[in-house]
There are 2 protein chains.
Amino acid sequence: MTPVGGQGSSPGAPRAVDVARLAGVSQKTVSRVFNGERYVSADVRERVLQAAEHLGYRLNGAARALASGRTRSIGVVALGTALYGPASLLIGVERAARDAGYALRVVNTLEGDPGGVAGAVESLLDQGVDGIVVSEPIDEGSVSLSVDIPVLVLGAPAAFGGPRAVAAGVGAESLARAATEHLLDLGHVTVHHLAGPQRWFAARDRLQGWRAALAARDREQPAVIEGDWSASSGYTAGHELAAAGDVTAVFAANDDMAVGLIRALLEAGLRVPEDVSVVGFDDIPVSAYVTPPLTTVRQPFDAVAQEGLRLLVQAIEKPDAEPAPAGDPPVELVVRASTAPPPTDGPYPAAGSRDSAHAPPATTD
Amino acid sequence: MTPVGGQGSSPGAPRAVDVARLAGVSQKTVSRVFNGERYVSADVRERVLQAAEHLGYRLNGAARALASGRTRSIGVVALGTALYGPASLLIGVERAARDAGYALRVVNTLEGDPGGVAGAVESLLDQGVDGIVVSEPIDEGSVSLSVDIPVLVLGAPAAFGGPRAVAAGVGAESLARAATEHLLDLGHVTVHHLAGPQRWFAARDRLQGWRAALAARDREQPAVIEGDWSASSGYTAGHELAAAGDVTAVFAANDDMAVGLIRALLEAGLRVPEDVSVVGFDDIPVSAYVTPPLTTVRQPFDAVAQEGLRLLVQAIEKPDAEPAPAGDPPVELVVRASTAPPPTDGPYPAAGSRDSAHAPPATTD
DNA sequence: CGCAGTCATGACAGCGCAGTCATAGAGGGC
DNA sequence: GCCCTCTATGACTGCGCTGTCATGACTGCG
């Protein structure tokens with residue numbers, strides 16, 4: 001049959017040689033123009049561009065990739081989740097990649113799928129990418145990937161991505177530490193932690209930050225409750241904590257869990273923040289508007305994505321240069337109305353005095 | 001250098017001809033095996049696979065695309081936003097694409113960027129894709145795209161994607177209608193609408209659904225307030241509505257805005273749902289746990305993505321077949337505690353009687 | 001037994017670019 | 001004026017695969 005031409009588009013798509021003919025130059029010169037190479041006279045460049053425009057020419061990426069050995073694309077291994085953090089990171093990565101002149105290919109690891117990351121990476125290698133971003137990977141026991149193209153790991157140790165991988169992190173540990181310290185500074189004797197699933201590196205970092213903050217002040221470390229990031233798991237945890245009876249401050253590993261937690265506390269007759277203070281993590285868009293508005297820490301997703309991609313692109317284009325490690329971005333604690341000093345009369349007031357929970361708390365942005 | 005390779009990477013990566021040599025067959029036969037073509041004996045297939053495994057061979061996608069004219073990839077034009085809806089759709093599309101054997105290339109339109117969708121589509125065409133998914137586009141005035149590869153439009157009229165585009169929708173209009181009717185059924189005389197930005201087709205659909213529900217019962221249509229999807233805009237709108245003084249029911253075009261709205265109402269001394277009922281849209285993960293738990297409608301993102309991709313893949317692979325239009329997915333209203341019959345004693349009770357807002361409302365689901 | 005059909009394989013020719021090298025004119029220094 | 005460098009261009013080749021066609025070996029059936 002008729003051979004199909006063009007890269008998925010019309011068979012009769014114009015090729016560089018057509019443009020060349022029209023412009024009265026060689027195909028190679030067209031290639032030069034489209035790659036911004038030196039040594040093309042302004043005159044010729046202009047003629048070529050006009051001819052190209054006239055014909056509706058566009059470079060064939062497949063042919064270019066085949067001839068050059070580079071696809072100019074970056075693969076992203078993302079989690080198949082609409083969680084705010086991962087989604088934000090993906091957006092940041094896309095923008096940074098595009099700015100750097102790379103296209104993005106995305107593969108999701110289906111949570112629970114064994115060998116998820118490894119499988120996703122395989123599929124990216126099959127597609128042919130110049131570099132790979134592994135976003136917020138889950139520890140699946142596999143020690144590390146072994147790939148021989150540059151890898152960027154976001155939100156996990158670089159080692160996860162293999163010996164030559166680079167990494168960038170949101171500084172989750174210091175953020176978690178800041179959140180915990182905020183509560184301690186308010187006067188709480190200790191802070192409970194509602195952790196994320198510990199298979200996530202991100203969850204571990206937050207746990208570590210919490211531990212570090214308590215350890216630095218010689219505070220007791222209450223037993224950790226592990227959630228699964230969902231508001232539902234926070235809700236369950238909230239009922240447990242309420243039953244425990246000695247809780248005045250909780251640091252939740254993300255805002256969703258914090259919301260569920262608060263709901264459970266309210267249902268148990270505890271006021272937030274009068275009886276129990278709660279800090280979240282992420283600063284999801286609704287955090288400022290839930291009741292009470294949530295004190296939380298904001299993750300610098302964009303900065304991290306940008307910085308990480310810079311490293312990755314450098315590793316792709318200048319494999320020899322020493323990768324300058326990314327500096328930890330600044331900590332940003334957003335104080336709203338879900339935190340306050342601990343109750344002076346003991347955490348558990350007589351039932352019935354919950355009148356102020358709805359008073360409009362000051363919402364600092 | 002090191003052994004294993006992607007295709008933009010090590011120059012020494014094994015090629016089909018290497019595998020062929022090792023297996024004692026021709027290169028063409030290797031190609032046959034890797035494409036699952038008929039007419040390869042089990043014996044030969046096995047030998048080829050073993051040889052390939054031994055060498056760590058993987059098909060070079062660029063060469064394949066060049067020779068076949070198909071990239072086996074689908075481009076997605078997404079919004080650069082971490083909003084729950086768009087993010088969920090993207091996930092659904094990725095899974096569906098992978099299931100169909102297509103890789104995904106993602107380009108975000110930066111909101112506000114003029115010619116955003118058109119530019120994004122251009123960049124996908126440059127990359128070479130077999131089909132394009134335009135997810136929840138914003139109406140930018142451009143009548144429609146003109147592309148000569150198959151296009152799937154999600155959450156907007158098919159016409160937006162050009163004459164030959166297919167479309168799949170979440171059935172936003174009927175969902176919005178169901179939400180509004182739920183409020184009317186509770187006895188509210190009319191329902192206010194906090195709309196999404198009207199440049200979004202999704203927002204228009206919801207507005208239409210609301211209008212249709214009211215019109216069907218000959219109810220007055222109060223002036224629409226337009227938000228920007230954010231909780232913050234919902235908050236502003238909430239204060240406006242509270243000041244208006246005659247509001248007993250509001251349908252917000254998404255959950256984020258509903259949350260902000262509720263916060264503003266509470267601050268204005270109104271109880272939800274006793275004084276004002278609120279329905280959201282999306283069923284974001286925290287909706288069940290905010291105070292009060294939010295009545296909302298759930299969008300069938302996964303089903304829509306799957307159905308849409310089925311249509312797109314069919315358009316790619318069997319251009320002649322008639323595209324069976326997707327049936328509207330079922331409406332799913334999630335009734336929680338933010339809706340109730342209108343106050344019998346008039347919407348504005350004496351201040352001070354806000355004691356029951358914290359009572360644990362029954363949370364369906 | 002002979003011929004048509006099916007099955008299994010290989011030879012060969014591009015797909016549309018970018019890399020390499022060759023070439024030729026335009027300065028520039030002495 | 002000679003040689004050398006820098007600029008600007010083209011001819012040719014090959015990246016690694018798939019499509020097409022050719023070629024046998026084998027079936028089955030009249």
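Chain letters run A, B, ... following the sequence lines, proteins first, then strands; residues in each count from 1.
- Atoms CZ (B:Arg64) and C1' (D:dT18) sit 9 Å apart, rounded to a whole Å.
- Using a 4.0 Å heavy-atom distance criterion, A:Val17 is classed as making no nucleic acid contact.
- One interatomic measurement links the two molecules: CG of A:Asp43 to P of D:dT9, which rounds to 8 Å at whole-angstrom precision.
- Of the charged side-chain nitrogens involved, at least one lies within less than 4.0 Å of a carboxylate oxygen, so that B:Asp126 and A:Arg58 count as a salt-bridged pair.
- With respect to A:Asp130 and A:Arg70, a salt bridge is recorded, a charged nitrogen being found less than 4.0 Å from a carboxylate O.
- A sub-4.0 Å separation between OP1 or OP2 of D:dT7 and a side-chain N or O of A:Arg38 is present.
- Only A:Gln27, A:Lys28, A:Ser31, A:Asn35, listed by number, bring a heavy atom of residues 22-35 of chain A to less than 4.0 angstrom from any atom of DNA chain C.
- The side chain of A:Arg15 places an N or O atom within less than 4.0 Å of a non-bridging phosphate oxygen (OP1 or OP2) of C:dG16.
- Set against D:dT7, D:dG14, D:dG19, the side chain of A:Ala67 has D:dG14 as its closest nucleotide.
- Under the Watson-Crick or G-U wobble criterion, with both distances below 3.5 Å, D:dC17 is paired with C:dG14.
- At whole-Å resolution of the value, CG in A:Asp126 and C1' in D:dG16 are 15 Å apart.
- Remark: B:Tyr39 is not in phosphate contact with C:dA8, judged by side-chain N or O atoms under 4.0 Å from OP1 or OP2.
- Look at B:Ser41 and you'll find a side-chain N or O under 4.0 angstrom from OP1 or OP2 of C:dT9.
- If you check the side chains of A:Asn108 and B:Arg98, you find no donor sitting under 3.5 Å from an acceptor.
- Within the 4.5 Å cutoff, side-chain heavy atoms of B:Val129 are placed close to those of B:Ile149.
- Per the geometry, CZ belonging to B:Arg21 stands 13 Å off C1' belonging to D:dG16, to the nearest Å.
- Of the candidates C:dG16, C:dC7, D:dT18, D:dT18 carries the atom nearest the B:Ser68 side chain, counting heavy atoms from C-beta on.
- Rounded to whole Å, atom P of D:dC17 lies 6 Å from atom CG of B:Leu59.
- Distance B:Glu37 CD to D:dC17 P: 14 Å, rounded to the nearest Å.
- To the nearest 0.5 Å, the span separating CD1 on A:Ile138 from CZ on A:Phe160 amounts to 9.0 Å.
- The partner of C:dT20, taking Watson-Crick or G-U wobble pairs whose two distances both stay under 3.5 Å, is D:dA11.
- Taking atom CG of A:Asn60 as the reference point, atom P of C:dG14 lies 18 Å away to the nearest angstrom.
- In this structure, CD in A:Gln127 is found 5.5 Å from CZ in A:Arg105, a value given to the nearest 0.5 Å.
- For A:Arg70 and C:dA18, the CZ to C1' distance is 12 Å, given to the nearest whole Å.
- Every residue two or more places apart in sequence or in another chain that forms a salt bridge (Lys or Arg N to Asp or Glu O under 4.0 Å) with B:Asp302 is listed here: B:Arg95.
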